[in-house]
Amino acid sequence: MLTQDSLKLIGAVAKESGVPIKTIRYYEELGLLKVSGRTEGGYRIFATDVFMRLKFIKRAQNLGLTLSEIKEFLNVHDEGELPCEHIKIKLQDKLTEIDEQIQQLLILKQDLSRLLQGWENIPESQTKNQSETICPIIEKM
């Protein structure tokens, strides 16, 4: 049973966690956080486990997980299971995505290096006839 000491108003949660009230409301709207009730004035009241959930959400976001993915993990947790295997699979997927992005960035880096190496070789005739080209170096790529 929740006692008055284990309940926090949304403002106190925001202050103690460093997460803006607007973000807390958004997380609640998405189902990431559960409100324990409301005051007579309509303010949201949260159980103190909200801090653990907010910390988990922020850490998971920093690892590249989406709020939708995080919600799935929290739902598994709320059903009484540890979502670690689900998280492991998602993190492996993220690692694969990062490797692919690194390869794409290396290719882009090579393209840009080649482009810049040819920058000094703009033919004089092309610089004078601007109606036929916008930038000959980029157009040659």
Side-chain angles (χ1 to χ4, degrees), residues 1-124 126-141:
M1 180 167 174
L2 297 173
T3 65
Q4 201 63 21
D5 293 336
S6 66
L7 296 174
K8 298 278 186 180
L9 289 172
I10 191 169
V13 171
K15 185 175 182 181
E16 290 178 42
S17 68
V19 178
I21 289 175
K22 188 174 184 177
T23 302
I24 294 170
R25 286 185 190 129
Y26 180 62
Y27 289 168
E28 183 220 346
E29 196 177 297
L30 293 178
L32 299 167
L33 301 176
K34 292 180 178 41
V35 173
S36 296
R38 290 186 181 260
T39 66
E40 288 180 18
Y43 292 101
R44 291 166 176 84
I45 302 174
F46 293 91
T48 54
D49 73 338
V50 72
F51 297 108
M52 173 191 68
R53 291 176 81 92
L54 285 170
K55 185 176 179 181
F56 176 81
I57 292 166
K58 286 300 172 193
R59 180 69 178 126
Q61 281 183 306
N62 288 338
L63 293 172
L65 298 170
T66 66
L67 290 177
S68 175
E69 292 167 335
I70 295 167
K71 182 179 180 183
E72 289 176 35
F73 305 144
L74 289 172
N75 287 341
V76 170
H77 174 266
D78 292 344
E79 292 170 5
E81 297 179 39
L82 289 176
C84 297
E85 278 303 311
H86 301 279
I87 294 171
K88 179 182 177 187
I89 291 166
K90 287 291 183 185
L91 292 179
Q92 288 170 332
D93 292 345
K94 296 290 177 196
L95 199 55
T96 301
E97 286 175 29
I98 289 170
D99 285 338
E100 291 170 1
Q101 289 173 343
I102 288 171
Q103 289 306 312
Q104 291 171 352
L105 286 171
L106 288 171
I107 291 168
L108 177 60
K109 181 180 178 183
Q110 289 173 345
D111 288 347
L112 291 172
S113 292
R114 280 194 299 268
L115 180 81
L116 289 171
Q117 286 172 355
W119 207 263
E120 297 301 318
N121 301 327
I122 299 175
E124 188 65 32
Q126 286 188 351
T127 58
K128 290 180 182 177
N129 194 355
Q130 292 180 358
S131 64
E132 295 176 18
T133 185
I134 295 172
C135 178
I137 297 297
I138 289 179
E139 291 169 3
K140 280 199 276 182
M141 286 289 292

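Starting from 1, each residue takes its place in the sequence as its number. Quick note: numbers below take in every heavy atom, side chains included, and nothing from hydrogens, waters or symmetry partners.
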Trainee: Which heavy atom of V35 sits nearest to which heavy atom of I45, and what is that distance?
Mentor: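 Taking every non-hydrogen atom into account, CG1-O, 3.4 Å.
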
Trainee: Take Y27 and L67 through the test side-chain contact (heavy atoms from CB on, under 4.5 Å) and record every step on the way to the result.
Mentor: CA-CA 9 Å; Y27 289 168; L67 290 177; 3.9 Å; yes

Trainee: State the CG-OG1 distance between L54 and T23, to the nearest 0.5 angstrom.
Mentor: 9.5 Å

Trainee: Between the main-chain N or O of L30 and the side-chain N or O of K71, is there a donor-acceptor pair closer than 3.5 Å?
Mentor: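 Answer holds: yes.
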
Trainee: Is there a salt bridge (charged side-chain N to carboxylate O under 4.0 Å, His left out) between R114 and D111 once you walk through the steps?
Mentor: CA-CA 5 Å; R114 280 194 299 268; D111 288 347; 2.5 Å; yes

Trainee: Got more than 12 heavy atoms from elsewhere within 6.0 Å of CZ, R59?
Mentor: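 At most 12 heavy atoms, drawn from other residues, nucleotides or ligands, come within 6.0 Å of this atom.
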
Trainee: Atom CG of L95 and atom CD of E100: how far apart are they, to the nearest 0.5 Å?
Mentor: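 Here the interatomic distance stands at 10.5 Å.
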
Trainee: Run F56 and H77 through side-chain contact (heavy atoms from CB on, under 4.5 Å) and show every step you take.
Mentor: CA-CA 12 Å; F56 176 81; H77 174 266; over 6 Å; no

Trainee: NZ of K15: more than 12 outside heavy atoms within 6.0 angstrom?
Mentor: no

Trainee: For residues Q92 and K88, determine if any side-chain heavy atom of one lies less than 4.5 Å from a side-chain heavy atom of the other.
Mentor: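 Contact flag for Q92/K88 side chains = yes.
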
Trainee: Rounded to the nearest 0.5 Å, what's the gap from CD1 on I87 to CD on E72? Could you check?
Mentor: 10.5 Å

Trainee: When rounded to the nearest 0.5 angstrom, what distance separates CD in E28 from CD1 in I10?
Mentor: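 It comes to 7.0 Å.
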
Trainee: Show the nearest heavy-atom pair for residues R53 and D78, with the distance to one decimal.
Mentor: NH1-OD1, 2.8 Å

Trainee: Test L91 against L65 for side-chain contact (heavy atoms from CB on, under 4.5 Å), laying out the working first.
Mentor: CA-CA 8 Å; L91 292 179; L65 298 170; 4.2 Å; yes

Trainee: Over all heavy atoms of both residues, which pair between K34 and F46 is shortest? Give the atoms and the distance, please.
Mentor: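 Residues K34 and F46, closest heavy atoms: O-CD2, 3.5 Å.
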
Trainee: Please indicate whether L105 has more than 12 foreign heavy atoms, meaning atoms of other residues, nucleotides or ligands, lying under 6.0 Å from its CG.
Mentor: yes

Trainee: Please report the closest heavy-atom contact between P20 and A14, naming both atoms and the distance.
Mentor: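 Minimum heavy-atom contact is C-CB, 4.3 Å.
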
Trainee: Mind listing the closest non-hydrogen atom pair of K94 and T66 along with its distance?
Mentor: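 Where K94 meets T66 most closely, the heavy atoms are NZ-CG2, 4.5 Å.
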
Trainee: How far does CD1 of I89 sit from CD of E69, to the nearest 0.5 angstrom?
Mentor: 12.0 Å

Trainee: What's the separation between atom CG in L63 and atom NZ in K90, rounded to the nearest 0.5 Å?
Mentor: 14.0 Å

